[in-house]
Amino acid sequence: MLDMRDIRERQDEVRENIRNRGMEIDLDALLAADEDARRLRGELDEIRRRRNEISGSMKGPMKPEERAPLVEEGRQLKEREAEVEERYRAADELRRSLQSQVPNFTHPDAPLGRDDMENKELRVVGEPPRFDFKPLDHVDLMERLDLVDFEGGAKVAGQKFYYLKNEAVLLELALMQFASRILREEGFTMFITPDLARRDILDGIGFNPRGESTQIYNIENSDLCLVATAEITLGGLLSGEIIEEERLPLLYGGISHCFRTEAGSAGRESRGLYRVHQFSKVEMFAFTRPEDSAEMHDRMVSIEERIYTELGIPYRVVDICTGDLGAPAYRKFDLEAWMPGRERWGEITSTSNCTDYQARRLDIRYKEKGAKGTRLVHMLNGTAIALSRAMIALLENGQRADGSISLPKCLGLADIQPR
RNA sequence: GGAGAGGUGGCCGAGCUGGUCGAAGGCGCACGCCUGGAAAGCGUGUAGGUGCCAAAAGUGCCUCGAGGGUUCGAAUCCCUCCCUCUCCGCCA
């Protein structure tokens, strides 16, 4: 969420930003609600001030005839307060719901564009392999090698669920282990996080747990949701806290399952593991001082590049354009791996600098040594490894004519042999 | 799941027979004195949010887990919920 004062004072900028992101938000309604809320808040404060004044003046013993009118006035004020407060709350709630729709500001260097077609390729690393045979896609590979059971997944849990089998299980575990080891080397504190989280944490991170286009599974009869990423549980971990400046930056790595309803994306990229309802992921998260977040963002990209370089997967780095940025992201870089089965690049990581957008709602601040007050931290998240997508890239790039699949040495696994 | 105890400022911890409490004391932190320098010691200061004000000063409002209630007045009394701890039960 943006600061309401910024929205008021940088209106033109906010409007332009909303336009650049291809969003439609009724900013005038927000500003009107803000006016109302502020005016009513002033009234409310004045009523309360008088109430406090009255009760303060009645602390000592008093003659009954002096006391009675004060008690009476206090009583009346209480009623007026309740009435004004109700109106204030309504205005405040409206303001808040509109305010939370306003996207973060955007980094000036982020490319202008409507959708993912206009993302900007920054560099390509590694070479897509040349096969002297027709490469298979991961679905054919995995079924041939008995590494996956999509039909079983569909029977038990529905479309877009799957069972990993045999070497794929070891591969998933090895990849998690590998990514975790690298994150430890890079100074991250590692977590295996809850796979569920409270709705208000999801809200704070910027996920919309409700509504028709939600990506989020809700748990009935509770205020819990299945997490869509450990970004939610890692970012939420420090909600409401004030951090000592010298502890920053805080680097957290988290392993979780990720659950996504994928509402509205039926049919698109639907084959195999590319878009599924559940997958495992190792996630990076950072809390930094505002002046350090840009550098941290670059560092997180470089960690991702290290991971995919060591895995020997050809990839490119993409600078996400304004229209393709999520609302909380100030800037976002994706890594896209070469996927021979699709004969194109496919997103395998995504790392966002969300500046103070999430911190404001989650109320995560830090205290500067010797300075008065607190400041909001900057929060960044990035994929270390999303297991389903990484598996696609590994299997498709590693396939050989004899039907075997070569795996990178760093995983410590034997190549997968044909049945 | 059952019984009990508890959730207070950056941290620890008093207050909880309603008003003098945004809150003792300590730690930490900042500044100063002391010192050749440091430690110790001494002194002073130190919660957050938000509004008014150009800003500072000042001042209003809110916040003692969350929400509601009683009252002129609630950290303190009542109710609901959440969380933590101890014991018991159950279980991997």
Side-chain angles (χ1 to χ4, degrees), chain A residues 1-10 30-31 33-96 99-100 192-204 209 219-225 233 236-250 287 289-290 356-377:
Chain A
M1 164 169 88
L2 284 188
D3 189 357
M4 195 59 225
R5 187 183 306 176
D6 276 341
I7 297 176
R8 273 198 305 271
E9 291 172 3
R10 298 164 69 183
L30 170 58
L31 292 164
D34 179 51
E35 279 287 322
D36 286 349
R38 279 150 50 83
R39 194 193 64 243
L40 289 165
R41 180 56 194 250
E43 275 182 49
L44 196 57
D45 281 3
E46 177 53 27
I47 293 168
R48 285 172 171 165
R49 189 198 60 72
R50 179 59 188 152
R51 272 188 79 190
N52 290 339
E53 190 175 59
I54 289 171
S55 64
S57 70
M58 290 174 69
K59 273 184 285 201
M62 283 180 108
K63 294 197 196 106
E65 61 268 32
E66 286 174 4
R67 195 183 173 80
L70 288 177
V71 169
E72 182 50 31
E73 189 183 353
R75 220 176 253 148
Q76 284 173 8
L77 282 171
K78 192 156 52 166
E79 279 168 30
R80 264 192 65 207
E81 183 188 344
E83 185 236 323
V84 174
E85 185 169 4
E86 194 170 326
R87 287 196 287 146
Y88 166 71
R89 276 194 200 198
D92 186 48
E93 198 177 309
L94 177 62
R95 171 172 64 179
R96 205 178 167 75
Q99 186 181 353
S100 67
I192 294 179
T193 82
D195 286 339
L196 286 80
R198 288 182 207 288
R199 208 159 283 137
D200 55 308
I201 299 289
L202 285 268
D203 264 324
I219 306 292
E220 215 172 335
N221 300 323
S222 83
D223 64 341
L224 290 170
C225 306
T233 43
L237 188 55
L238 295 179
S239 65
E241 302 211 5
I242 296 172
I243 303 161
E244 299 286 349
E245 182 179 18
E246 60 264 33
R247 290 180 61 203
L248 296 177
L250 280 172
F287 302 85
R289 300 186 304 174
D356 61 9
Y357 190 86
Q358 298 172 322
R360 182 167 297 105
R361 184 115 60 120
L362 290 168
D363 190 26
I364 305 178
R365 293 166 289 150
Y366 72 97
K367 198 176 183 59
E368 278 180 292
K369 232 178 164 56
K372 247 187 104 61
T374 56
R375 296 168 73 194
L376 292 167
V377 298

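Naming: A, B, ... by sequence-line order, numbering from 1 per chain.
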Participant: Let's see if you can work this out: which of B:C62, B:C83, B:G73 has an atom nearest to the side-chain heavy atoms of A:R51?
Facilitator: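 Of the candidates, B:G73 comes closest.
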Participant: Say you pick atom P in B:C83 and the same atom in B:C72; how far apart are they, in whole Å?
Facilitator: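 These two P atoms come out 35 Å apart once rounded.
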Participant: So which one's nearest nucleotide on RNA chain B is more toward 5', A:R75 or A:R49?
Facilitator: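 Looking at RNA chain B, the more 5' nearest nucleotide goes with A:R49.
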Participant: Charged N to carboxylate O under 4.0 angstrom, A:R199 versus A:D203?
Facilitator: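 Here A:R199 does not pair with A:D203 in a salt bridge, since their nearest N and O are not under 4.0 Å apart.
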Participant: Please figure out whether A:L70 or A:E46 has its closest RNA chain B nucleotide nearer the 5' end.
Facilitator: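 Result: A:E46.
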Participant: Rounding to a whole Å, what distance do you find between A:L237:CG and B:C83:C1'?
Facilitator: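 The distance from CG of A:L237 to C1' of B:C83 comes to 15 Å, rounded to the nearest Å.
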Participant: Side chain of A:E244: nearest nucleotide among B:G19, B:C61, B:G10?
Facilitator: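 Selected nucleotide: B:G10.
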Participant: What's the gap between B:U70 and B:G18 when it is taken at their C1' atoms, as a whole Å value?
Facilitator: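 Taking atom C1' in both B:U70 and B:G18, they lie 11 Å apart.
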Participant: Is it the case that the side chain of A:Q99 and the backbone of A:L2 share a donor-acceptor pair, with hydrogens and angles ignored and the cut-off at 3.5 Å?
Facilitator: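 Looks like yes, one N/O pair under 3.5 Å.
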Participant: Look through every strand shown and name the nucleotide pairing with B:U70 as Watson-Crick or G-U wobble, where both distances are under 3.5 Å.
Facilitator: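 By the stated definition (distances under 3.5 Å), nothing pairs with B:U70.
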Participant: Taking atom P in both B:G10 and B:A47, compute the distance separating them and give it to the nearest angstrom.
Facilitator: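 The answer is 10 Å between these two P atoms.
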Participant: Among B:C52, B:A47, B:G49, which nucleotide has an atom closest to any side-chain atom of A:T374?
Facilitator: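 So the nucleotide nearest the side chain must be B:G49.
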Participant: Give A:I242 one of three labels, base, sugar-phosphate or nothing, depending on what nucleic acid heavy atoms sit under 4.0 Å from its own.
Facilitator: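 Since only primed, P, OP1 and OP2 atoms lie under 4.0 Å of A:I242, the category is sugar-phosphate.
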Participant: Once you apply a heavy-atom cut-off of 4.0 Å, does A:R89 come out as touching a base, just sugar-phosphate, or nothing?
Facilitator: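 Here A:R89 touches the backbone only, sparing every base.
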Participant: Grab the CD1-C1' distance between A:I47 and B:G73 for me, whole Å please.
Facilitator: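 Interatomic distance, CD1 of A:I47 to C1' of B:G73: 17 Å.
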Participant: Report the distance from atom CZ of A:R50 to atom P of B:U59, rounded to the nearest whole Å.
Facilitator: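 Going from A:R50 (CZ) to B:U59 (P), I get 19 Å.
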Participant: What integer distance in Å separates A:L376:CG from B:G48:P?
Facilitator: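 Rounding to the nearest Å, CG of A:L376 and P of B:G48 are 14 Å apart.
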Participant: Who does B:C64 pair with, Watson-Crick or G-U, both distances under 3.5 Å?
Facilitator: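 WC or wobble partner does not exist here.
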Participant: Any base atoms under 4.0 Å from A:R365, or only sugar-phosphate, or nothing? Heavy atoms, all strands.
Facilitator: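 Since only primed, P, OP1 and OP2 atoms lie under 4.0 Å of A:R365, the category is sugar-phosphate.
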Participant: Is A:R95 salt-bridged to A:D92, cutoff N-O under 4.0 Å?
Facilitator: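 Between A:D92 and A:R95 there is a salt bridge, with a charged N closer than 4.0 Å to a carboxylate O.
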Participant: Which is true for A:R5 with a 4.0 Å heavy-atom rule: it touches a base, it touches only sugar-phosphate, or it touches nothing?
Facilitator: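 Sugar-phosphate only.
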Participant: Roughly, in whole Å, what's the span from CD in A:E43 to P in B:G51?
Facilitator: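 In whole Å, B:G51 P lies 17 Å from A:E43 CD.
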Participant: Please report the distance separating the C1' of B:U20 from the corresponding atom of B:G58, rounded so that it comes out in whole Å.
Facilitator: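 After rounding to an integer number of Å, I get 24 Å for this pair.
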Participant: Check A:E81 with A:K78, please: is the shortest side-chain N to carboxylate O separation under 4.0 Å?
Facilitator: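 No salt bridge links A:K78 with A:E81.
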Participant: Whole-Å distance between B:C83 C1' and A:L224 CG?
Facilitator: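 To the nearest whole Å, that distance equals 14 Å.
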Participant: Is any side-chain heavy atom of A:L44 closer than 4.5 Å to one of A:R87?
Facilitator: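 Contact flag for A:R87/A:L44 side chains = no.
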Participant: Which one is paired to B:C21, where only Watson-Crick or G-U wobble pairs with both distances under 3.5 angstrom count?
Facilitator: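 B:C21 is unpaired by these criteria.
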Participant: Partner of B:G37 by Watson-Crick or G-U wobble geometry, both contacts under 3.5 Å, or none?
Facilitator: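 Paired with B:G37, as far as the under-3.5 Å criterion goes, is no nucleotide at all.
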Participant: Between B:U46 and A:K367, is there an OP1 or OP2 to side-chain N/O distance shorter than 4.0 Å?
Facilitator: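 Looking at the OP1 and OP2 atoms of B:U46, neither is under 4.0 Å from any side-chain N or O of A:K367.
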Participant: Using purine N1 to pyrimidine N3 plus N6-O4 or O6-N4 for Watson-Crick, or N1-O2 and O6-N3 for G-U wobble, both under 3.5 Å, which nucleotide pairs with B:G43?
Facilitator: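 B:G43 is paired, partner B:C31.
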Participant: Say you pick atom C1' in B:C34 and the same atom in B:G41; how far apart are they, in whole Å?
Facilitator: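 Nearest-Å result for B:C34 against B:G41 at atom C1': 8 Å.
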Participant: Among the nucleotides B:G51, B:G49, B:C72, which one has an atom lying closest to any side-chain atom of A:R8?
Facilitator: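 Given the options B:G51, B:G49, B:C72, the side chain of A:R8 is closest to B:G51.
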Participant: Provide the Watson-Crick or G-U wobble partner of B:G89, both distances under 3.5 Å; none if there is no partner.
Facilitator: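 Paired with no nucleotide.
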Participant: Nearest to the side chain of A:S55 - B:G49, B:U71, B:G19?
Facilitator: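 For A:S55, the side-chain atoms sit closest to B:G19.
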Participant: May I ask you to decide whether A:R375 forms a salt bridge with A:E245, counting only side-chain N to carboxylate O separations under 4.0 Å?
Facilitator: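 Between A:E245 and A:R375 there is no salt bridge, as every charged N stays at least 4.0 Å from the carboxylate O atoms.
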Participant: How far does the C1' atom of B:G89 sit from the matching atom of B:G49, given to the nearest Å?
Facilitator: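 Each nucleotide's C1' atom is 45 Å from the other's.
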Participant: Any N or O donor-acceptor pair under 3.5 Å from the base of B:G60 to the side chain of A:D45?
Facilitator: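 Indeed, a donor on one side and an acceptor on the other fall under 3.5 Å apart.
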Participant: Quick one: A:D3 CG to B:U50 P, roughly how many Å, whole number?
Facilitator: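 Computing the A:D3:CG to B:U50:P distance gives 8 Å.
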Participant: When the C1' atoms of B:C64 and B:A14 are considered, how many whole Å apart are they?
Facilitator: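 Here B:C64 and B:A14 have their C1' atoms 13 Å from each other.
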Participant: Once you round it to whole Å, what is the distance between P of B:G68 and NZ of A:K78?
Facilitator: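 In whole Å, B:G68 P lies 15 Å from A:K78 NZ.
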Participant: Considering only heavy atoms from C-beta outward, does the side chain of A:R8 approach that of A:R38 to under 4.5 Å?
Facilitator: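 Side-chain contact under 4.5 Å: yes.
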Participant: Counting only N and O atoms by type, is there a donor-acceptor contact under 3.5 Å from the side chain of A:R361 to the main-chain atoms of A:M1?
Facilitator: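 Side chain of A:R361 to backbone of A:M1, a donor-acceptor pair under 3.5 Å: no, none is there.
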Participant: Choose from B:G19, B:A47, B:C52 the nucleotide whose nearest atom is closest to any side-chain atom of A:M58.
Facilitator: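 The answer is B:G19.
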Participant: Taking the P atom in each of B:G60 and B:G1, what is the distance between them to the nearest angstrom?
Facilitator: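 Between the two P atoms, the distance is 47 Å.
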Participant: Over all strands shown, is A:N52 touching base, sugar-phosphate only, or nothing at heavy-atom distances under 4.0 angstrom?
Facilitator: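 Sugar-phosphate, backbone atoms only, no base.
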